[in-house]
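Heavy atoms only: backbone and side chains are in, while hydrogens, waters and symmetry mates are out. Remember, it's a predicted structure, so these values are computed and weren't measured experimentally.
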Amino acid sequence: AASAAALRRGVAPAPAGAGRFARAEPEASAGRDVRQGRSLAGLPVAAAFGLVAGGVRQRRRLRRLPMMVAPRSFREEAKLKSDAMLAETLSTATPVPEDFEDAMTLACNCVLLAMAQGKLRQQVFYDSGDTDMKLNGAFGTALGFVDGFGNRMAQELKGKGSIVCVFGDMGKMGIAKKQLGELPAEMRLEYFPPMNPRTQMNQGIQEQFDSIRSSDLILVVAPEPEEVCPLMHLCDELDKSRSGTPVVLLNSRLTEKLRMEEVKIAMRKYLSMKQTMVVAFHLQQYDPPQNEEEFMNAAVIVKAHPKPYTIWEDNPDDPEAIDGFFLMDVSASPPRMDKVKEMLKSSKSMYKVLSSGAAPLSKDIPLDRTPGTEWFQMPKFPWQ
């Protein structure tokens with residue numbers, strides 16, 4: 001459902017009946033059938049009499065109404081309804097993190113909260129728009145998150161447990177060691193052994209899996225389709241042992257096109273597991289394609305479990321912006337990028353109307369960032 005501010009500005013208007021923020025059709029005015037001379041010839045006599053009589057009674061009440069209560073203007077009513085809907089929407093929206101450290105703290109809290117709720121298979125997505133050109137784009141983006149998230153989680157696990165970051169092969173793990181430098185004692189790096197459905201388990205492979213399973217939180221970094229076999233083998237072993245160890249997939253690409261027919265059995269297992277996985281954290285910057293005729297601001301898509309996806313427009317000059325971001329949409333499902341682009345385009349055109357002198361309606365509505373709210377509290381670990 002689109003936010004009230006977005007509806008007020010015409011961003012991605014919801015169709016009739018599409019949720020509680022859908023625009024309601026105006027009710028027919030009292031006595032409308034009588035004043036407009038609508039034909040009553042086709043109605044039964046009793047029904048026709050009731051309709052006319054009802055219209056007369058309503059018209060009498062309308063005559064007395066101004067004498068009892070001074071009605072608000074249409075603009076005042078619209079402002080009150082719009083601000084009420086906006087306040088309700090903001091209470092469910094996920095705020096944009098203030099900086100990288102804030103984002104990593106929020107990600108850790110969300111993963112731990114989902115873990116405390118028994119959600120042991122989780123997904124995390126992070127794309128700040130900045131990539132290391134020396135590395136593969138997706139892998140380079142994931143490494144930035146591993147550095148911040150791993151160190152932040154290690155602080156929470158100090159003296160209580162450990163986190164292991166698992167890579168697809170030894171080469172990726174070697175790159176990560178060079179990029180990340182010295183690691184805290186509670187954090188270490190591992191990699192999946194090469195594996196397919198025909199691989200015969202031996203002592204070396206089993207030891208690698210045992211080492212991964214010995215950690216208290218497993219972060220699988222940017223898994224590729226070829227890694228679905230070792231991933232599902234790890235999850236099967238964890239389920240059999242009932243260890244309660246959470247597995248978090250970071251920037252997963254497992255559903256991309258496969259080349260090997262034999263891994264499709266493992267892929268079906270993964271797709272079945274994915275249906276029960278929770279998206280603990282999602283932070284993505286979307287930069288729409290630009291040209292000389294059409295320039296649009298960037299969008300930030302953020303989700304912090306258990307809150308829904310929230311789409312913000314990066315526009316500090318907007319009179320209705322909150323901390324430099326304008327709320328465009330709140331959605332339970334991940335938004336499509338073409339829809340986000342349409343929202344940005346609509347918001348840009350309506351922003352011109354506001355910047356011409358129209359008074360903002362929602363500038364004074366605060367957005368609660370205070371840690372300590374129910375969804376933001378740091379849960380205790382199962383072993384505490």
Side-chain angles (χ1 to χ4, degrees), residues 94 97 103-127 138 141-157 160-168 186-187 189-190 192 212-224 227-228 230-239 241-255 266-267 269-284 301-310 331-334 375-383:
T94 304
M104 295 302 100
T105 299
L106 183 59
C108 288
N109 289 349
C110 294
V111 168
L112 294 175
L113 176 58
M115 175 182 169
Q117 294 173 342
K119 308 293 185 180
L120 301 180
R121 303 294 178 262
Q122 305 178 26
Q123 293 187 77
V124 168
F125 185 84
Y126 175 80
D127 184 3
T141 301
L143 275 186
F145 182 88
V146 171
D147 188 15
F149 179 85
N151 282 277
R152 183 68 183 84
M153 186 63 75
Q155 296 178 16
E156 299 298 330
L157 296 172
K160 296 176 268 188
S162 63
I163 175 176
V164 59
C165 303
V166 185
F167 297 86
E186 293 78 14
M187 177 182 174
L189 309 182
E190 295 279 358
F192 280 132
I212 295 173
R213 290 170 49 202
S214 65
S215 296
D216 301 285
L217 192 150
I218 302 171
L219 179 69
V220 181
V221 182
E224 301 281 349
E227 297 153 26
V228 67
L231 171 64
M232 295 313 301
H233 179 78
L234 172 65
C235 292
D236 289 343
E237 286 194 339
L238 291 172
D239 291 340
S241 64
R242 299 183 179 181
S243 64
T245 303
V247 178
V248 182
L249 305 186
L250 167 62
N251 290 13
S252 173
R253 303 174 64 184
L254 288 170
T255 55
M267 180 58 70
K269 289 184 179 180
Y270 166 72
L271 293 177
S272 177
M273 182 182 72
K274 186 179 178 183
Q275 295 179 358
T276 60
M277 295 178 73
V278 61
V279 179
F281 182 75
H282 184 109
L283 181 60
Q284 178 182 10
I301 304 162
V302 59
K303 181 189 187 310
H305 176 77
K307 295 202 170 192
Y309 290 90
T310 309
S331 173
S333 57
W375 70 276
F376 199 86
Q377 288 179 355
M378 176 71 72
K380 290 186 177 181
F381 286 91
W383 56 82

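Annotation: the span from Thr245 atom OG1 to Leu238 atom CG amounts to 5.5 Å, rounded to 0.5 Å. From Leu143, atom CG reaches atom CZ of Phe167 across 5.5 Å, with rounding to the nearest 0.5 Å. Atom CD of Glu156 is separated from atom CD of Glu186 by 11.0 Å, given to the nearest 0.5 angstrom. If you take CD1 on Ile163 and CG on Asn151, they are separated by 9.5 Å, rounding to the nearest 0.5 Å. Rounding to the nearest 0.5 Å places CD of Gln122 at 9.5 Å from SG of Cys110. Of the inter-residue distances, the one linking Met104 atom CE with Leu283 atom CG reads 7.0 Å to the nearest 0.5 angstrom.
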Inset, instruction - Mind running side-chain contact (heavy atoms from CB on, under 4.5 Å) on Asp239 and Arg121 for me, showing each step along the way? - result: CA-CA 11 Å; Asp239 291 340; Arg121 303 294 178 262; 2.9 Å; yes

Inset, instruction - Please report the C-alpha distance between Leu112 and Met153 in whole Å, then the side-chain angles of each, then the deciding distance to 0.1 Å, and finally whether the side-chain contact (heavy atoms from CB on, under 4.5 Å) criterion is met. - result: CA-CA 9 Å; Leu112 294 175; Met153 186 63 75; 3.9 Å; yes

Inset, instruction - Report the C-alpha separation of Asp216 and Met115 in whole Å, then their side-chain angles, then the decisive distance to 0.1 Å, and conclude whether the side-chain contact (heavy atoms from CB on, under 4.5 Å) test is met. - result: CA-CA 11 Å; Asp216 301 285; Met115 175 182 169; over 6 Å; no

Inset, instruction - Test Tyr309 against Gln284 for side-chain contact (heavy atoms from CB on, under 4.5 Å), laying out the working first. - result: CA-CA 11 Å; Tyr309 290 90; Gln284 178 182 10; over 6 Å; no

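Counting heavy atoms from C-beta outward, Arg213 and Ser241 have side chains that approach closer than 4.5 Å. Two residues are said to be in side-chain contact when any heavy atoms from C-beta on lie closer than 4.5 Å; Leu234 and Ile218 meet this criterion. The side-chain heavy atoms of Leu231 and Leu254, taken from C-beta on, include a pair separated by under 4.5 Å.
Side chain of Gln155 to main chain of Arg152: no donor-acceptor pair is present (N/O by atom type, distance under 3.5 Å, no hydrogens or angles). Panel note: side chain Ser331, backbone Ser333; a donor-acceptor pair is recorded below 3.5 Å. With Ser272 contributing its side chain and Lys269 its backbone, the two residues share no donor-acceptor pair below 3.5 Å.
In terms of heavy atoms, Ser162 sits closest to Leu157 at C-CD1, 3.6 Å. Between Ala103 and Phe281, the shortest heavy-atom contact is O-CZ, 3.8 Å. Nearest heavy-atom pair across Cys235 and Met273 is SG-SD, 4.0 Å. Minimum heavy-atom separation, Cys165 to Val221: CB-CG2, 4.3 Å. In terms of heavy-atom proximity, Pro223 sits nearest to Asn251 at CD-O, 4.3 Å. Considering every non-hydrogen atom in both Lys303 and Val279, the closest pair reads NZ-O, 3.3 Å.
Shown are Val124, Val111, Thr105, Val248; of these, the side chain to side chain contact (heavy atoms under 4.5 Å, CB included) with Phe149 is made only by Val111.
If you check the side chains of His305 and Gln117, you find a donor sitting under 3.5 Å from an acceptor.
Taking the six-membered ring for Trp and thresholds of 30 and 60 degrees, His282 and Phe125 have nearly parallel ring planes, at less than 30 degrees apart.
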